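Following: one structure in structure tokens, then a few remarks.
Treat the numbers as computed from the prediction; the structure is a model and nothing was measured.
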Amino acid sequence: MFDLTGNKRKKLKLYERIADYCEVSQDYVAPVPVFTFLGNRKIEIDGCRGILEYSADRITLIAGNEKFTVFGEGLTLSDFRFKVLCVRGNIRGVVFGEIPRKEGDDV
């Protein structure tokens, strides 16, 4: 694809073209997950792609291109539709990226 001056144009991704057209930052339209924390009782994840691990004290999810793990007590999942997922319970912490396993953890 070439512009009017004959220079080759960089092919833009759809979200980049939308951001340019709407004259907004790409951060608003890029395909990245959005996390909404409501105290330590609920997290809404918009952009969740899947569940890797699920127990009452640890939930590991894929959001965007990254893994993230929620630690706590009495954790449950709800409202998984349209790539939006809610984690509820007594949330103690969240770790983004790969989680190192302790010796003896089940895979």
Within the structure provided, determine whether [X] and [Y] are in side-chain contact (heavy-atom separation under 4.5 Å).
X   : Y   : answer
L75 : I91 : yes
R58 : T69 : yes
F71 : V94 : no
T76 : I59 : no

For residues [X] and [Y]: do they belong to one hydrophobic cluster (side chain heavy atoms under 4.5 Å, members Ile, Leu, Val, Met, Phe, Trp, Tyr)?
X   : Y   : result
I43 : I51 : yes
V70 : F96 : yes
F68 : V34 : no

Check your understanding: Got a sec, which residues hit side-chain hydrogen bond (donor to acceptor under 3.5 Å, both in side chains) with N40, two or more places apart in sequence or on another chain?
Key -> N90

Point to revise | Contacts of S78 that satisfy side-chain hydrogen bond (donor to acceptor under 3.5 Å, both in side chains) - sequence neighbours left out | key: R88

Hey, could you give me the [atom1]/[atom2] distance between [X] and [Y], rounded to the nearest 0.5 Å?
X   : Y   : atom1 : atom2 : result
C86 : D46 : SG    : CG    : 10.0 Å
I45 : F35 : CD1   : CZ    : 6.5 Å
E66 : R49 : CD    : CZ    : 10.0 Å

**Study point:** All ring-ring contact (aromatic ring centres under 6.0 Å, His included) counterparts of Y54, not counting sequence neighbours
**Key:** none

Practice item. Go through the side-chain N and O atoms of E44 and T36 and say whether any donor and acceptor fall under 3.5 Å apart. Key: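 No, because no side-chain N or O of E44 sits under 3.5 Å from a partner of the opposite role on T36.
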
Check your understanding: Tracing side-chain links under 4.5 Å among I, L, V, M, F, W and Y, which residues wind up in one group with I62?
Key ->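 Hydrophobic cluster check, I62: joined to L52.
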
